[in-house]
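Computed from heavy atoms alone, side chains included, the values below leave out hydrogens, waters and symmetry copies. Naming convention: chains lettered A, B, ... in sequence-line order (proteins, then strands); numbering from 1 in each chain.
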Amino acid sequence: MESSNDLEKKTHESAEDMNSEDQVRTSSSSDENLNKHREEEEEGFMSVEKISRLPVSIKFNIPKKISTRKRRKSEQEDDDDPKGEEKKAKLSFGDKVLSSYEIEILRNASRRGYLKDREKKMVEALRAEIEDEIMLFHGLKLTEREVIDFRFKRDLYELLKKTEYDDDVEGYRIPDAYDREGCIDQKKRFAVAEQRYSERKSGRGVTEQEAWEDHQAQKARVSFGAKDKQKVVDGYEFVFDDLTGLVEESCEAETAKHRGCSSKTVAEKAREEREFLPIHGYRDELLKLIAKNQVLVIVGETGSGKTTQIPQYLQEAGYTKRGKIGCTQPRRVAAMSVASRVAQEVGVKLGHEVGYSIRFEDCTSDKTVIKYMTDGMLLRELLTEPKLDSYSVIIIDEAHERTLSTDILFALVKDVAKVRPDLRLIISSATLEAKKFSEYFDSARIYLIPGRRYPVEKLYRRWPDADYLETVIRTVFQIHQTEPTGDVLVFLTGQEEIERAETNLKGRMMDLGTKSSEIIICPIYSNLPTELQAKVFEPAPKGSRKVVLATNIAETSLTIEGIRYVIDPGYCKINSYNPRTGMESLLVSPISKASAEQRAGRSGRTGPGKCFRLYDVKNLEPTTIPEIQRANLASVVLTLKSLGIHDVLNFDFMDPPPETALLKAFELLYALGALDGKGEITKVGERMVEFPVDPMLSKMIVGSEKYKCSKEIITIAAMLSVGNSVFYRPKNQQLLADNARMNFYVDTENVGDHIALLRVYNSWKETNYSTQWCYENFIQSKSMKRARDIRDQLLGLLNKIGIELTSNPNDFDAIKKAILAGFFPHSAKLQKNGSYRRVKEPQTVYVHPNSGLFGASPSKWLVYHELVLTTKEYMRHATEMKPEWLIEIAPHYYKLKDIEDSRPKKSQRSSERASTSKVDTNKKTRTSKKVDTNKKTQTSKKVDANKKTKR
DNA sequence: AGACGTTCT
């Protein structure tokens with residue numbers, strides 16, 4: 001066995017090596033034994049080495065199945081591993097039995113481990129209790145008795161924690177400055193914080209991550225004097241990326257909630273806590289910089305407190321005398337919760353000095369000086385207040401997420417800043433994009449604020465698996481059987497995959513029987529009804545482990561407490577719009593590095609976490625393509641035009657969208673009559689821009705005036721706006737759900753999807769907006785409520801632009817004509833084989849399987865809401881119509897020959913066919929190209945896997 | 001004959 005000194009040196013070296021992923025690979029491939037070893041690991045076997053590294057407490061809980069496999073494995077390994085001999089003498093797990101002496105050692109170790117674990121659990125439970133009380137008694141005045149109790153618990157916890165850190169080798173030691181309860185004096189805290197910050201900047205010294213690595217290496221030594229190279233665990237290799245890749249949390253308020261304990265009122269406590277945030281020490285410098293620089297790019301790490309603190313600092317510094325401070329968030333919940341947190345800290349009622357503004361909910365007043373809002377909301381405000389006169393500071397938070405709205409805001413706000421030198425701009429971003437933002441804003445200063453978070457240990461597979469779902473499931477069980485308590489979060493691509501994983505997991509659990517403690521499976525995706533979503537947030541009962549199967553929703557939009565392990569197969573569905581075909585495609589693609597880091601970070605919220613990656617980060621693109629480059633820009637162009645931006649093609653986008661996308665948008669807006677031949681906005685366009693919906697929908701609404709059915713049309717528009725989430729299809733009740741849905745199609749001939757949606761809404765309204773009714777009809781009440789909100793808003797706007805509310809409920813023709821007024825470009829004609837062909841673009845399309853028209857006797861002509869490429873080119877929401885209406889409504893767009901029923905002449909037909917097939921191949925190459933640019937083996941294998949499972 | 005990731009106005 002090596003001396004501990006040597007070992008230390010070695011581990012240190014290897015830790016440094018691992019800072020570069022490349023080096024991990026080269027160094028490991030030079031070691032043949034290790035490589036062979038690893039190949040076998042791919043099978044998911046456990047080796048002696050690995051067993052030895054497991055926490056002692058669980059060593060004897062390894063199920064039989066694994067241990068026999070392991071036995072085989074260890075024999076193989078020992079055969080050609082001379083060094084293994086040494087280990088074998090000590091630990092032989094093979095057919096040979098351990099010596100009694102060894103067993104004794106193991107037993108003792110196990111016992112010690114158990115007690116340590118138990119102690120930790122108890123302390124953890126105490127901490128949870130304290131936190132619960134803080135949550136529960138939020139804002140309430142406590143009785144004296146309660147206060148005493150609470151103090152006792154808190155003091156006990158602090159005491160325990162101190163001792164734990166003093167002598168517990170097993171625990172991760174939080175650097176002094178991050179000690180949560182603040183028993184350490186301020187100066188020391190910030191000295192440490194700054195030290196860490198400057199060290200990292202210069203690329204030297206011990207970062208938190210390195211400290212964690214050291215600690216890990218030490219742990220390995222403590223348990224069995226195992227080899228220094230701790231690189232493979234059950235088929236995963238370790239990877240220690242540096243921290244710079246880590247991405248922003250969406251809401252610091254949440255982390256703040258868990259900090260600090262005191263018997264004072266929550267508001268007082270909240271105010272005190274402000275001083276413990278990492279950002280506090282940077283306050284003065286920050287304010288100086290803001291005073292000096294008009295634009296400042298702030299890189300605030302997770303948990304730095306920037307979202308809540310910066311507006312308060314600015315307010316304290318007097319910025320609000322000149323105008324409001326506006327802070328944008330990409331999500332509604334974030335805007336709301338941050339605002340509520342800040343109101344609490346400032347000690348005012350939400351909606352007074354501190355407020356928020358989101359769609360359907362304006363919680364601000366004349367007094368409001370700090371205003372949180374969604375980015376889309378500020379964009380809308382810009383339409384009425386182009387110079388943002390009522391603001392003195394604009395903060396664009398989470399800018400690295402690059403939502404469509406923030407990207408447009410960048411350019412607009414940059415422009416406004418030029419004419420308003422007094423306006424201050426703060427762009428807050430994650431590390432990766434900071435430089436880009438700075439360059440865009442004319443070399444704006446970048447300022448870094450360190451954060452506070454737990455380290456995450458990342459493990460990865462070098463080779464992706466053919467069937468990653470299988471690997472996911474095995475990993476879940478591996479974690480369940482070998483890792484300490486903590487819930488598991490799995491990132492999957494969609495509802496279908498989640499459901500498949502769920503049944504599969506349940507099946508395996510049955511096989512395992514009572515041998516293993518329980519796993520509680522919680523699926524979560526946005527289309528899941530709220531009642532079922534709630535399950536994810538309930539803590540798992542004692543002795544069981546929660547396994548959350550989530551889509552991307554868990555990446556940024558919602559945070560689940562108690563997650564310690566993340567399994568990340570590295571895929572998500574990405575929507576991209578093809579301007580040439582006017583079709584959206586929703587394809588499974590590899591995620592970006594930034595996403596990978598964000599996902600990994602989800603395991604380190606309540607304590608040190610572990611992330612199991614089923615891929616090699618090296619193969620990923622650094623960032624996701626910004627939305628503006630893959631979106632339908634019709635609405636963007638119309639908005640910009642109405643803001644008076646003439647040259648949209650040369651607009652100062654940070655990442656310009658493809659020119660074809662802009663041209664296509666112009667083309668459509670011109671066809672809709674929103675822009676004139678010179679590209680200037682028309683009267684119709686100005687009316688359309690009032691409605692916060694897609695231009696085709698707004699044209700439909702404006703067009704409904706003529707057909708005297710605006711009441712029906714706004715309902716349909718609202719229902720179409722909520723999208724695909726109206727009907728709910730649980731996996732085990734699909735037939736029932738389908739039947740319920742079809743009820744809205746009967747009674748009358750040719751009820752299309754639009755009319756069906758109208759009927760759904762009206763039926764719901766008749767039941768007085770009953771949730772029960774939704775439940776009985778497999779309809780999502782969440783979506784219906786949203787539709788009602790949108791409808792109410794549209795109703796108000798109808799009134800504003802002076803369109804009379806008219807109803808014509810039984811004249812389907814009128815309703816369909818109004819739909820066509822906006823959607824005439826979306827027409828399709830039935831072909832002989834049952835598929836459809838678009839009238840204007842030669843392209844074959846199909847009725848979506850979720851449409852009521854699917855499988856019904858086909859109508860000859862259809863108008864559809866949108867075109868989506870998933871496994872095929874599908875029309876979503878389609879309704880039957882008459883071809884002559886096309887010419888009646890859009891004579892500038894359709895000519896008689898477009899709708900002529902007679903067979904085209906031979907020459908014409910063959911040329912048509914040729915062009916169709918051309919388009920088909922085009923489409924194919926485009927799709928495969930996309931796959932190509934996305935990472936080779938991963939994607940193709942994933943595609944294979946998809947095919948396989950489908951058969 | 002086969003199925004929408006996530007946001008926002």
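- In this structure, A:Phe491 has no ring pair (Phe, Tyr, Trp, His ring centres under 6.0 Å) partners at least two apart in sequence or on a different chain.
- The residue A:Thr403 sits apart from the nucleic acid: no heavy atom pair falls under 4.0 Å.
- Between A:Ile408 atom CD1 and B:dC8 atom P the separation is 15 Å, expressed in whole Å.
- The pair A:Glu381-A:Lys324 does not meet the salt-bridge criterion, since no charged nitrogen lies less than 4.0 angstrom from a carboxylate oxygen.
- Of all nucleotides listed (B:dG2, B:dT6, B:dT9), B:dT6 comes nearest to the side chain of A:Ile553.
- Ring geometry, A:Tyr571 versus A:Tyr468: the interplanar angle falls under 30°, so the pair is classed parallel (tilted spans 30 to 60°).
- Looking at heavy-atom distances under 4.0 Å, A:Glu866 makes contact with a base.
- Mapping A:Phe691 and A:Thr551 onto DNA chain B by nearest heavy atom places A:Thr551 at the nucleotide closer to the 5' end.
- When the nucleotides B:dG5, B:dT9, B:dC8 are ranked by their closest atom to the side chain of A:Arg331, B:dC8 comes out on top.
- Rounded to an integer number of Å, the gap from A:Asn724 CG to B:dG2 C1' is 16 Å.
- Shown here are the ring pair (Phe, Tyr, Trp, His ring centres under 6.0 Å) partners of A:Phe727, two or more places apart in sequence or in another chain: there are none.
- If you check every strand for non-hydrogen atoms under 4.0 Å, A:Leu379 touches nothing.
- Taking the ring centroids of A:Phe854 and A:Tyr846, they lie at or beyond the 6.0 Å cut-off.
- Applying the 4.0 Å criterion to OP1 and OP2 of B:dT9, one finds that A:Ser405 has every side-chain N and O outside that range.
- Contacts of A:Arg786 with the nucleic acid, taken as non-hydrogen atoms under 4.0 Å apart, include base atoms.
- Between A:Phe653 and A:Phe651, the ring-plane angle classifies as perpendicular under the 30° and 60° cut-offs.
- Taking a 4.0 Å limit (strictly below) on heavy-atom distances, residues 521-537 of chain A reaches DNA chain B at A:Tyr525, A:Ser526.
- Contacts of A:Arg332 with the nucleic acid, taken as non-hydrogen atoms under 4.0 Å apart, involve only primed sugar atoms and P, OP1 or OP2.
- Across residues 846-859 of chain A, A:His848, A:Pro849, A:Asn850, A:Phe854 each have a non-hydrogen atom less than 4.0 Å from an atom of DNA chain B (numbered order).
- A donor-acceptor pair is defined here as one N or O able to donate and one able to accept, closer than 3.5 Å; such a pair exists between the side chain of A:Ser589 and the backbone of A:Leu587.
- Distance A:Leu794 CG to B:dT9 P: 14 Å, rounded to the nearest Å.
- Atoms CG (A:Leu409) and P (B:dT7) sit 19 Å apart, rounded to a whole Å.
- Taking side-chain N and O atoms only, A:Lys872 has a distance below 4.0 Å to OP1 or OP2 of B:dG2.
- If you check every strand for non-hydrogen atoms under 4.0 Å, A:Leu404 touches nothing.
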Where do A:Phe437 and A:Phe410 land on the ring-ring contact (aromatic ring centres under 6.0 Å, His included) test, with the steps shown first? CA-CA 9 Å; A:Phe437 287 138; A:Phe410 287 150; 5.3 Å; yes
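- At whole-Å resolution of the value, CZ in A:Arg741 and P in B:dG2 are 16 Å apart.
- Rounded to an integer number of Å, the gap from A:Arg402 CZ to B:dC8 P is 19 Å.
- As judged by a 4.0 angstrom heavy-atom cut-off over every strand, A:Asn552 is placed among residues making no nucleic acid contact.
- Note on A:Gln495: only backbone sugar-phosphate atoms sit closer than 4.0 angstrom, heavy atoms only; bases stay farther off.
- Judged as a ring pair (Phe, Tyr, Trp, His ring centres under 6.0 Å), and not counting sequence neighbours, A:Tyr577 has no contacts.
- In the set B:dC8, B:dT9, B:dG5, the nucleotide with an atom closest to the side chain of A:Asn575 is B:dG5.
- When atom types are taken as modelled, the side chain of A:Arg786 and the backbone of A:Val722 share no donor-acceptor pair closer than 3.5 angstrom.
- Put simply, OH on A:Tyr577 is 19 Å from C1' on B:dT7, counting in whole angstrom units.
- If you measure from atom CG of A:Leu383 to atom P of B:dT9, you get 14 Å, rounded to the nearest angstrom.
- Within the structure, every pair that satisfies the side-chain hydrogen bond (donor to acceptor under 3.5 Å, both in side chains) test and touches residues 721-733 of chain A, not counting sequence neighbours, is listed here: A:Ser725-A:Ser783, A:Arg729-A:Asp738.
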